[in-house]
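The next block holds one structure in the form of structure tokens; read it before the comments.
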Amino acid sequence: MFDAEKGEWQMMWIATTGKQVQDLRAKVIDDQLTMWQVYPENTDFKAVFNVIDADHWERIQYKHNESGEWVPAYKLVARRISCSVETD
């Protein structure tokens with residue numbers, strides 16, 4: 001759900017690995033859609049989303065290094081595919 005007053009998305013995900021509900025938030029920060037985890041508290045999770053073009057985007061997940069700085073942990077690249085439905 002989008003909270004217009006806060007200007008942020010509020011999401012609940014279910015993580016199958018830990019069988020745990022996750023409360024996630026996302027907001028445009030410094031011109032970049034940024035996501036973080038509220039519950040269970042995870043101060044070592046941040047992800048940013050970049051739109052490459054109308055059919056491609058990426059999500060870069062960050063974690064803290066030994067110095068406490070955010071560093072990229074991995075990148076998920078996505079592309080739009082055709083989802084046409086055939087009818088007889």
Side-chain angles (χ1 to χ4, degrees):
M1 297 187 309
F2 185 72
D3 183 329
E5 200 170 292
K6 291 183 177 181
E8 71 183 25
W9 290 96
Q10 300 175 349
M11 302 162 276
M12 299 298 281
W13 290 8
I14 297 176
T16 55
T17 53
K19 298 179 180 148
Q20 170 95 39
V21 173
Q22 294 174 313
D23 182 355
L24 300 163
R25 306 295 164 93
K27 180 177 199 166
V28 175
I29 300 172
D30 297 329
D31 295 323
Q32 202 164 36
L33 183 61
T34 304
M35 184 170 62
W36 65 95
Q37 186 170 319
V38 175
Y39 178 86
E41 186 176 1
N42 184 353
T43 57
D44 199 38
F45 172 82
K46 178 176 92 167
V48 297
F49 296 81
N50 300 308
V51 176
I52 299 164
D53 59 35
D55 294 322
H56 300 86
W57 62 271
E58 64 186 15
R59 173 184 139 175
I60 302 171
Q61 188 161 323
Y62 291 83
K63 66 178 184 173
H64 288 107
N65 66 10
E66 300 80 27
S67 303
E69 300 168 315
W70 288 111
V71 294
Y74 68 87
K75 177 169 64 173
L76 170 74
V77 178
R79 67 180 173 86
R80 185 183 314 271
I81 60 171
S82 175
C83 295
S84 62
V85 176
E86 294 183 28
T87 59
D88 292 329

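Quick caveat, the model's predicted, so the values are computed rather than measured.
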message: Within the 4.5 Å heavy-atom criterion, are M1 and D3 side-chain neighbours or not?
response: no
message: Show the nearest heavy-atom pair for residues G7 and K27, with the distance to one decimal.
response: O-CG, 3.4 Å
task: To the nearest 0.5 Å, tell me how far R79 CZ sits from W57 CH2.
output: 13.0 Å
Considering only distance and modelled atom types, tabulate donor-acceptor pairs under 3.5 Å from the side chains of residues 28-38, sequence neighbours left out.
{"residue": "Q32", "atom": "NE2", "partner": "N50", "partner atom": "OD1", "Å": "2.5"}
{"residue": "T34", "atom": "OG1", "partner": "Q32", "partner atom": "O", "Å": "3.1"}
{"residue": "Q37", "atom": "OE1", "partner": "Q22", "partner atom": "NE2", "Å": "3.4"}
{"residue": "Q37", "atom": "NE2", "partner": "P40", "partner atom": "O", "Å": "2.7"}

task: Please tell me if the side chains of K75 and I60 come closer than 4.5 Å, counting only heavy atoms from C-beta onward.
output: yes
statement: Between T43 and W70, the two heavy atoms sitting closest are O-CH2, 3.4 Å
message: With salt bridge (Lys or Arg N to Asp or Glu O under 4.0 Å) as the rule and sequence neighbours excluded, what pairs involving residues 11-25 come up?
response: E8-R25, D23-R25
task: Give the cluster check for F45 versus M11: same hydrophobic cluster or not, with ILVMFWY residues linked at side-chain heavy-atom distances below 4.5 Å.
output: yes
- request: Could you list the residues that satisfy salt bridge (Lys or Arg N to Asp or Glu O under 4.0 Å) with K63, not counting sequence neighbours?
  value: none
- prompt: Atom OH of Y62 and atom OH of Y74: how far apart are they, to the nearest 0.5 Å?
  reply: 12.5 Å
- prompt: If you measure from CD on Q61 to CZ on F49, what distance do you get to the nearest 0.5 Å?
  reply: 9.0 Å
message: Determine whether a donor-acceptor pair (N or O, by modelled atom type, separation under 3.5 Å) exists between the side chain of R80 and the backbone of A54.
response: yes
